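Written out below as structure tokens is the structure these notes cover.
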Amino acid sequence: MTRPQNPIMIVLGTRPEIIKLSPVVREFEDRDWPYTLVHTGQHYSDSLDGVFFDQLAISEPDHHLGVGSRPHGHQTGEMMIRLEPLVHSVDPSFLLVQGDTNSALAGSLVAAKADVPQGHVEAGLRSDDRRMPEEVNRVLIDHAAEVLFPPTDEARARLAREDLDQRCFVTGNTIVDAVRQNELVAAEKSAMLDELGLTPGEYVLFTAHREENVDAADRFADILTGVAEFAERTGLECIYPVHPRAREQLVSKNLTVPDPVTLVDPLDYLDFLALESDAAIVFTDSGGVQEETCILQVPCVTVRENTERPESVEVGANVVAGTSPGGIVAAGRAQLEATPEWPCPFGDGNAAERIVDAIAEYLLEGPRREESPQERTV
Ligand code: UD1
Ligand code: UDP
């Protein structure tokens with residue numbers, strides 16, 4: 001297919017979206033397709049935002065909506081208000097969102113209202129936990145989007161249960177592309193292990209930032225206790241790069257961080273990948289980190305009650321531990337025994353290519369919609 005006439009609009013706003021959409025942006029660049037990058041401003045601290053544009057070598061956003069931190073409805077609404085006129089003036093041929101953030105939801109809803117065809121990267125993930133803002137977002141986006149890019153057959157099957165699988169392309173997850181594109185550079189360039197005085201295979205990497213975990217003082221304290229107890233019992237050091245949401249909660253709730261846990265600022269992608277690759281084990285509530293550990297053959301314990309990444313559990317890379325200290329320690333001990341020889345269920349690192357191929361097919365052939373009742377002849 002030749003290049004689309006009007007640009008593809010990519011709407012993003014947070015750390016994981018920048019990382020997971022970087023291979024897609026690179027694919028548009030390689031094909032010399034016109035695209036325009038819109039940043040909602042949901043993440044704005046350099047350590048969650050600017051550093052990733054620099055390091056992943058993607059160009060600065062063409063448009064910045066500057067929305068910043070606000071309560072969920074206000075944040076999503078403000079993004080829509082600022083995005084809608086831009087969509088009308090750019091008149092994109094297609095709009096692309098990724099994942100389950102408020103930024104992705106705002107992009108999706110504006111596209112639906114403006115009748116711009118849209119695609120959802122990482123479609124079909126479900127935790128079945130509607131208390132999570134992300135679960136509500138991903139369900140709504142999947143139902144609004146014309147074209148869905150589930151990363152796995154399992155995600156496609158979830159879409160089929162909601163009658164959404166007629167317009168699906170199973171692509172793999174673009175996080176595999178991102179890891180493959182950056183892991184060697186990380187191993188060569190990152191000096192983070194030395195800087196932190198860590199020995200490969202002799203430390204725990206820990207991340208926690210989910211609203212339902214860190215905004216609840218008791219639960220956050222339980223998680224910290226469990227991870228610290230595991231580190232103490234196994235004699236491993238523990239590094240926690242702290243997301244600003246979690247940092248704020250630690251301070252405002254006056255939580256004590258137990259001794260074996262060392263807090264550091266959020267890391268850039270290469271430093272984080274380097275730390276992840278050489279960790280003995282990772283404890284996390286992050287979606288992307290569950291996937292990356294599985295790709296990097298590092299055992300993972302998820303400090304949540306559920307996961308929308310069951311594939312990582314099925315291959316033995318990940319265990320869902322809950323948030324009680326005892327459960328976390330037990331799951332950590334079991335995972336430490338795991339032999340990291342599982343297959344990668346998230347694809348082969350060519351997801352971005354498949355996504356852009358599918359957009360090309362869609363733009364060429366138009367929507368594969370069922371006949372509407374009005375079109376049916378009687
Ligand atoms: C958001 C996503 C979450 C994703 C995470 C990735 C939603 C509903 N949540 O959560 O799914 O896993 O991003 O990291 O979209 N803050 C800063 N600097 C920033 C951004 C935020 O200090 O650049 C602080 C602010 O105090 C803010 C808090 O972090 O109130 C939460 O930020 P927000 O973007 O609302 O949610 P995240 O927890 O980052
Ligand atoms: N990450 C990073 N630095 C850090 C912590 C995480 O670069 O200090 C990366 C990590 O490699 C993964 C992504 O951020 O690709 C995950 O983002 P996050 O945990 O914020 O969000 P989620 O995936 O849970 O939506």
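Nothing here was measured: the structure is a model prediction, and the numbers come from that model. Order of listing sets the numbers, starting from 1, for every ligand and every atom in it.
Below 4.0 Å from some heavy atom of Gly287 lie the following atoms of ligand 2, by number and element: 22 (P), 23 (O), 24 (O). Listed by number with element, the atoms of ligand 2 under 4.0 angstrom from any heavy atom of Pro241 are 8 (O). Contact atoms of ligand 2 toward Leu267: 2 (C), 3 (N), 4 (C), 7 (O), 8 (O) (distance under 4.0 Å to a heavy atom of the residue). The distance from ligand 1 to the heavy atoms of Ser69 drops below 4.0 Å at these ligand atoms: 21 (C), 25 (C), 27 (C), 30 (O). Less than 4.0 angstrom separates some heavy atom of Arg210 from each of these atoms of ligand 1: 3 (C), 4 (C), 11 (O), 12 (O). Close contacts of ligand 2 with Pro266, meaning ligand atoms under 4.0 Å from a residue heavy atom, involve 8 (O). Less than 4.0 angstrom separates some heavy atom of Leu48 from each of these atoms of ligand 1: 19 (C), 20 (C), 23 (O). When each atom of ligand 1 is checked for a heavy atom of His243 under 4.0 Å away, the hits are 14 (O), 37 (P), 38 (O), 39 (O). For ligand 1, the atoms closer than 4.0 angstrom to any heavy atom of Glu134 are 3 (C), 9 (N), 11 (O). Every atom of ligand 1 with a heavy atom of His72 under 4.0 Å away is listed here by number and element: 8 (C). Remark: ligand 2 atoms within the under-4.0 Å shell around heavy atoms of Arg210 are 24 (O), 25 (O). Set against the non-hydrogen atoms of Phe52, the atoms of ligand 2 under 4.0 Å away are 7 (O).
The protein atom (non-hydrogen) at minimum distance from atom 22 (O) of ligand 1 is Pro244 CB, 3.1 Å. Closest to atom 6 (C) of ligand 1 among all protein heavy atoms lies Pro16 CD, 3.5 Å. Looking only at protein heavy atoms, the nearest one to atom 23 (O) of ligand 2 is Gly288 N, 2.8 Å. Nearest protein neighbour of atom 15 (O) of ligand 2, counting heavy atoms only, is Glu292 OE2, 2.6 Å. Distance from atom 18 (N) of ligand 1 to its nearest protein heavy atom, with residue and atom name: Ser45 OG, 2.8 Å. Given atom 13 (C) of ligand 2, the protein heavy atom at minimum distance is Ile19 CD1, 3.8 Å. Ranking the protein heavy atoms by distance from atom 26 (O) of ligand 1 puts Glu248 OE2, 2.5 Å first. With hydrogens left out, the protein atom closest to atom 5 (C) of ligand 1 is His209 NE2, 3.7 Å, a heavy atom. Taking atom 25 (O) of ligand 2 as the reference point, the nearest protein heavy-atom neighbour is Pro16 CG, 3.6 Å. With respect to atom 36 (O) of ligand 1, the closest heavy atom belonging to the protein is Arg245 NH2, 3.5 Å. For atom 5 (C) of ligand 2, the closest non-hydrogen atom on the protein side is Arg15 NH1, 3.3 Å. Scanning all protein heavy atoms for the shortest distance to atom 16 (C) of ligand 2 gives Ser286 OG, 3.6 Å.
Using a 4.0 Å cut-off between heavy atoms, Glu134 makes no contact with ligand 2 at all. Under 4.0 Å from ligand 1, heavy atoms of Asn102 appear from its side chain as well as its backbone. With a 4.0 Å cut-off on non-hydrogen atoms, Tyr269 touches ligand 2 through its backbone as well as its side chain.
Considering both main-chain and side-chain atoms, His43 comes within under 3.5 Å of ligand 1 through a nitrogen or oxygen pair. Checked against a 3.5 angstrom limit, the closest N/O atoms of Tyr44 and ligand 1 fall inside it. Looking at ligand 1, you'll find an N or O of Gln42 within less than 3.5 Å of one of its N or O atoms.
For Phe206 and Phe283, the gap between ring centers reaches or exceeds 6.0 Å.
Looking at Arg180, its side chain never comes within 3.5 Å of a backbone N or O of Gly349 through a donor-acceptor pair. Arg156 contributes no side-chain N or O that, together with a main-chain N or O of Pro151, makes up a donor-acceptor pair within less than 3.5 Å.
With respect to the salt-bridge test (charged N to carboxylate O, under 4.0 angstrom), the residues Arg219 and Glu305 do not qualify. The existence of a salt bridge linking Glu27 and Arg31 is confirmed by a sub-4.0 Å separation between a basic side-chain nitrogen and an acidic carboxylate oxygen. Between Asp215 and Arg245 there is a salt bridge, since a side-chain N of the basic residue sits under 4.0 Å from a carboxylate O of the acidic one. By the 4.0 Å N-to-carboxylate-O rule, Glu134 lies too far from Arg130 to be salt-bridged with it.
Under the side-chain contact (heavy atoms from CB on, under 4.5 Å) test applied with Pro150, the options Asn173, Asp165, Leu159 reduce to a single match, Leu159. The only option from Val116, Val97, Val87, Val110 that meets the side-chain contact (heavy atoms from CB on, under 4.5 Å) definition with Met9 turns out to be Val87.
Between the side chains of Asp271 and Ser190, at least one donor N or O lies within less than 3.5 Å of an accepting N or O.
The two residues Gly124 and Asp142 make their nearest non-hydrogen contact at N-OD2, 3.0 Å.
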